[in-house]
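Remarks on the structure that follows.
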Amino acid sequence: PIKYVGHADLFRTIGGEWFMVMLAVRSKKGYTTMGRETFLAKVTWENDWPVVNKGVGMLTDQVEIDLPEWDPVEDEHSFTYRTGFKNCIPGSSRTYDFTKKESLGDEFLFLRNPSKDLYRLQKNEGLYLKAGNVSLKEQASPSYLAIRQQHHSFMATACLDTDSLKTDKEGADPKAGIALMQSNEYHLRIELSSGKAEAILCEKSQDKVLGSVDYREIEDTLENFHKMPCKCFLRVTGLSATLGFKDQNKEFVIAKDVDIKSLSTEVAGGFVGCTVGMYAIDENEGEEREICFKEFSYAAL
């Protein structure tokens, strides 16, 4: 399942063993949605020439390393320790409670060159994401704040205040939600406005609405839908996705078993893989609105 191997560096451990680190991908049924990751292989030397994984000739699923365990949380010289533990350990599940955070970790990403006031954190209130008029389909800097997809199967949830989507202006309502993004031409999103929610798949820059519901339909299933900030989710299992809303006990699904092969390197191109995160857009002219996100979580499944 490991392919696209390259860009390697050799190094020797404190114990005298040689290894090689390199980039490669873990595909799923021939499709790659996570982009290139770092892989490790043992190296031996024969006639002053490095031999990678002698007798195997390819990367293995497991590598034995004769080194003491290292914990970046305990090592005062580690980047994690020196920055006050604001960054999550790569590959871990995490929940970001924006009502309690003073800054975001370095795992958060933007698209291209965002404005310096794209977002702000307000204690006890949440993260306010400025809803610009640039869509995710443009080669520009939309209002998008995300982390990288790190598992073949995961669930991302966003808890946002639907009151911040209401407007008195004529024209299109502000919209916000979660997006799984490979590029501006290929992405999947669950999108909320002031009165409805939609699941949308974008392929070759063309939107296809997979499901659309009025909030009143969701209220019939989720009794606490308007009693709490709205919690929408995007769940990925391999090469399919499900989008909807959830509370403590139930789910309301808008689109199920969505084929996301198009969000792969093999279809969309590129090696960076997908990101998943929060976004907002307001197509009305004039003063830009802020959409309040209370919480964002990413959990491996």
Side-chain angles (χ1 to χ4, degrees), residues 34-35 37-38 71-73 75-132 134-136 140-151 154-162 164-165 174-184 187-192 228-234 236 272-282 288-300:
M34 289 192 295
E37 301 173 290
T38 304
D71 186 352
V73 174
D75 184 355
E76 63 182 19
H77 300 292
S78 74
F79 182 79
T80 300
Y81 189 99
R82 288 186 286 110
T83 54
F85 312 105
K86 73 172 186 175
N87 302 297
C88 287
I89 297 174
S92 65
S93 298
R94 70 285 303 264
T95 296
Y96 303 96
D97 184 350
F98 297 128
T99 66
K100 299 178 181 178
K101 294 190 75 67
E102 296 181 357
S103 63
L104 297 181
D106 296 322
E107 65 266 28
F108 278 94
L109 307 171
F110 309 98
L111 280 174
R112 304 176 185 91
N113 299 302
S115 61
K116 292 182 179 180
D117 61 348
L118 176 65
Y119 76 93
R120 62 183 177 90
L121 288 163
Q122 187 69 39
K123 189 175 180 179
N124 299 324
E125 293 184 24
L127 182 146
Y128 286 88
L129 184 63
K130 182 171 285 188
V134 176
S135 75
L136 294 176
S141 297
S143 297
Y144 182 61
L145 185 60
I147 60 176
R148 292 201 179 280
Q149 177 185 347
Q150 299 180 70
H151 303 85
F154 70 92
M155 176 183 277
T157 63
C159 195
L160 64 96
D161 187 350
T162 54
S164 61
L165 293 169
K175 298 174 183 177
I178 302 178
L180 177 65
M181 191 159 188
Q182 205 280 348
S183 70
N184 59 296
H187 53 269
L188 175 68
R189 61 191 193 269
I190 178 168
E191 193 169 84
L192 290 72
M228 64 175 186
C230 183
K231 185 170 282 190
C232 54
F233 73 85
L234 189 157
V236 169
V272 296
C274 291
T275 59
V276 59
M278 305 157 287
Y279 82 98
I281 183 170
D282 186 358
E288 293 176 326
R289 297 173 59 86
E290 291 182 319
I291 307 302
C292 182
F293 287 84
K294 302 290 186 180
E295 181 183 287
F296 181 77
S297 68
Y298 175 97

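The analysis underlying the following values was restricted to heavy atoms, covering all of them including side chains, and did not include hydrogens, waters or symmetry mates. The shown structure was predicted, so the numbers you read here are calculated from the model rather than taken from an experiment.
- In this view, Asp117 and Lys130 satisfy the salt bridge (Lys or Arg N to Asp or Glu O under 4.0 Å) rule, not counting sequence neighbours.
- Between Gln182 atom CD and His187 atom NE2 the span is 11.0 Å, to the nearest 0.5 Å.
- Residues satisfying the salt bridge (Lys or Arg N to Asp or Glu O under 4.0 Å) criterion with Glu107, sequence neighbours excluded, are absent altogether.
- Considering all non-hydrogen atoms of both residues, His151 and Gly91 come closest at NE2-O, 3.0 Å.
- Among residues two or more places apart in sequence or in another chain, the side chain to side chain contact (heavy atoms under 4.5 Å, CB included) test is passed with Asn124 by none.
- The nearest pair of heavy atoms linking Ala179 to Tyr144 is O-OH, 3.6 Å.
- For the atom pair Asn87 CG and Leu104 CG, the distance stands at 10.5 Å (nearest 0.5 Å).
- By the ring-ring contact (aromatic ring centres under 6.0 Å, His included) test, Phe154 pairs with Tyr298, sequence neighbours left out.
- Summarising the geometry, atom CG belonging to Leu188 is positioned 11.5 Å from atom CE belonging to Met181; distances are rounded to the nearest 0.5 Å.
- In this structure Glu191 satisfies the side chain to side chain donor-acceptor pair (under 3.5 Å) test together with Arg189, Tyr279, sequence neighbours excluded.
- Every side chain to side chain contact (heavy atoms under 4.5 Å, CB included) that Thr162 has, sequence neighbours left out, goes to Leu160, Leu192, Tyr215, His226, Cys230.
- Here Ser164 contributes atom OG and Arg289 contributes atom CZ; the two are 7.0 Å apart, rounded to the nearest 0.5 Å.
- Judged purely by atom type and a 3.5 angstrom limit, Thr99 has no side-chain atom pairing as donor or acceptor with the backbone of Lys294.
- Residue pairs meeting the ring-ring contact (aromatic ring centres under 6.0 Å, His included) criterion with at least one member in residues 83-110, sequence neighbours excluded: Tyr81-Phe85, Tyr96-Phe108.
- Under the 4.5 Å side-chain criterion, counting only non-hydrogen atoms from C-beta, Ile281 is not in contact with Pro142.
- The salt bridge (Lys or Arg N to Asp or Glu O under 4.0 Å) test applied to Lys101 returns no partner, not counting sequence neighbours.
- Here the side chains of Asp106 and Phe79 are in contact, with some heavy-atom distance below 4.5 Å.
- The shortest side-chain heavy-atom distance between Phe296 and Leu145 does not fall under the 4.5 Å cut-off.
- Considering only heavy atoms from C-beta on, Leu118 comes within 4.5 Å of Ser143 through its side chain.
- Residues passing the side chain to side chain contact (heavy atoms under 4.5 Å, CB included) test with Thr157, sequence neighbours excluded: Met155, Lys231, Phe233, Lys246, Ser297.
- Among residues two or more places apart in sequence or in another chain, the salt bridge (Lys or Arg N to Asp or Glu O under 4.0 Å) test is passed with Arg94 by none.
- Residues forming a side chain to side chain donor-acceptor pair (under 3.5 Å) with Asp75 (at least two apart in sequence, or on another chain): Trp70.
- Judged purely by atom type and a 3.5 angstrom limit, Arg112 has no side-chain atom pairing as donor or acceptor with the backbone of Ser141.
- For the atom pair Leu129 CG and Arg120 CZ, the distance stands at 11.0 Å (nearest 0.5 Å).
- Inter-residue side-chain proximity for Leu109 and Ile147 is flagged as unmet; no heavy-atom pair is nearer than 4.5 Å.
- Taking Pro90 as the reference, Gln150 meet the side chain to side chain contact (heavy atoms under 4.5 Å, CB included) condition, with sequence neighbours excluded.
- Side-chain N or O atoms of Thr80 include none that pairs as donor or acceptor with a backbone N or O of Val73 at under 3.5 Å.
- Taking 4.5 Å as the limit, every side-chain heavy atom of Thr275 sits out of range of all side-chain heavy atoms of Leu111.
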